[in-house]
> 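Here it is: the structure, laid out below.
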Amino acid sequence: VKIGIDAGGTLIKIAYIEDEKVNYQTFNSRETDEASKWIKEKFNNPSICITGGRSEQLAGLLDAQPQTVVEFDATASGIKYLAEKQGYQLGQNYLFVNVGTGTSIHSVKESQQERVGGSGIGGGTLLGLAYLLTGKLDYEEIIRSASEGDRGNVDLKVKDIFEGSLPPISGDLTASNFGKKNAMASKAPSDADKVAAVVGLIGEVIVTISTQMAFINDTSSIVYVGSSFRSNPLLKEIIKEYTKMVGKEPVFLKNGEFSGAVGALLTL
Ligand code: ADP
């Protein structure tokens, strides 16, 4: 059996071939013991390729020394594989954006990836700010809460500033994330509103940087991957709409968060 592992800062992503198809498994990065135990119990003498920042830590717990691969290259080849399987025509040149604990932006030209930028604003920021603002720690609970919240109680929109008169840009654009200070002072936003606004802030920062990188690198498609999109339609929607608004094509791959693990698997 072949196993590809992407041991990241927050999550360990595993892709393996069973019954001739790719299967997926996830562990929390703090649970390296559970992950190695699961692998040892489930597979007999597997070939393993591992990538990601926590590779060494996890590799040390496995029976045989696994192969390793550079994370960015693994992610690039995983994206290419998943995109082809899912019928996307990405062409030779495109951008991919990995929204993990932080965010990393890569340009692909003739199948070679180059890291062209990044941001510390990512899925980790969502968890950290949500905790500071609401005391919530559980990812699923935070995301559920965000989907019930109203950013309009926290964010200042262009139309809030132009009250009544015609703004020079769409009134629905965010003028200032978390900028509705006076309204918040007179009526406190709910926890759900706050986390919805955090998702908005993160999505808008990431999509702004990513689309500018797409213009600089002259690519029309932007592939967004990473576990930050897991069960998070709000983040997806913000990034999708803004990407389309500036004339670029957003692509969200099914199982995109496993791109690195799939890429590691493909090297075996
Ligand atoms: P990394 O490779 O840095 O671990 P990922 O692509 O796995 O990054 O994305 C991590 C982010 O995914 C987290 O910061 C969080 O926003 C989100 N996430 C999705 N599912 C979970 C989960 N079950 N537990 C914690 N974070 C999760």
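All ligand and atom numbering here is 1-based and tracks the order in the structure. Keep in mind that what you see is a predicted model, and the values were worked out from it rather than measured.
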> With a 6.0 Å cut-off (strictly less than), is the heavy-atom count around OH of Tyr81, excluding the residue itself, greater than 12?
no
> I need the contact residues for ligand 1: any residue with a non-hydrogen atom closer than 4.0 Å to the ligand, ordered by chain then number.
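Those residues closer than 4.0 Å to ligand 1 by some heavy atom are Gly8, Gly9, Thr10, Leu11, Lys13, Gly100, Thr101, Gly123, Gly124, Leu127, Tyr139, Gly226, Ser227, Ser228, Arg230.
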> Are Arg115 and Ser104 linked by a side-chain donor-acceptor pair shorter than 3.5 Å?
yes
> Under the side chain to side chain contact (heavy atoms under 4.5 Å, CB included) test against Pro66, which residue among Ile5, Ile3, Ile50 passes?
Ile50
> Any Lys/Arg nitrogen of Glu18 or Lys42 sitting under 4.0 Å from an Asp/Glu carboxylate oxygen of the other?
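So Glu18 pairs with Lys42 through a salt bridge.
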> Ignoring hydrogens and geometry, is there a side-chain-to-backbone donor-acceptor pair from Thr134 to Tyr131 under 3.5 Å?
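Not confirmed, Thr134 side chain does not pair with Tyr131 backbone.
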> For Gln57, enumerate each residue passing the side-chain hydrogen bond (donor to acceptor under 3.5 Å, both in side chains) test, keeping only those at least two apart in sequence or located in another chain.
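Listed in chain order: nothing, the list is empty.
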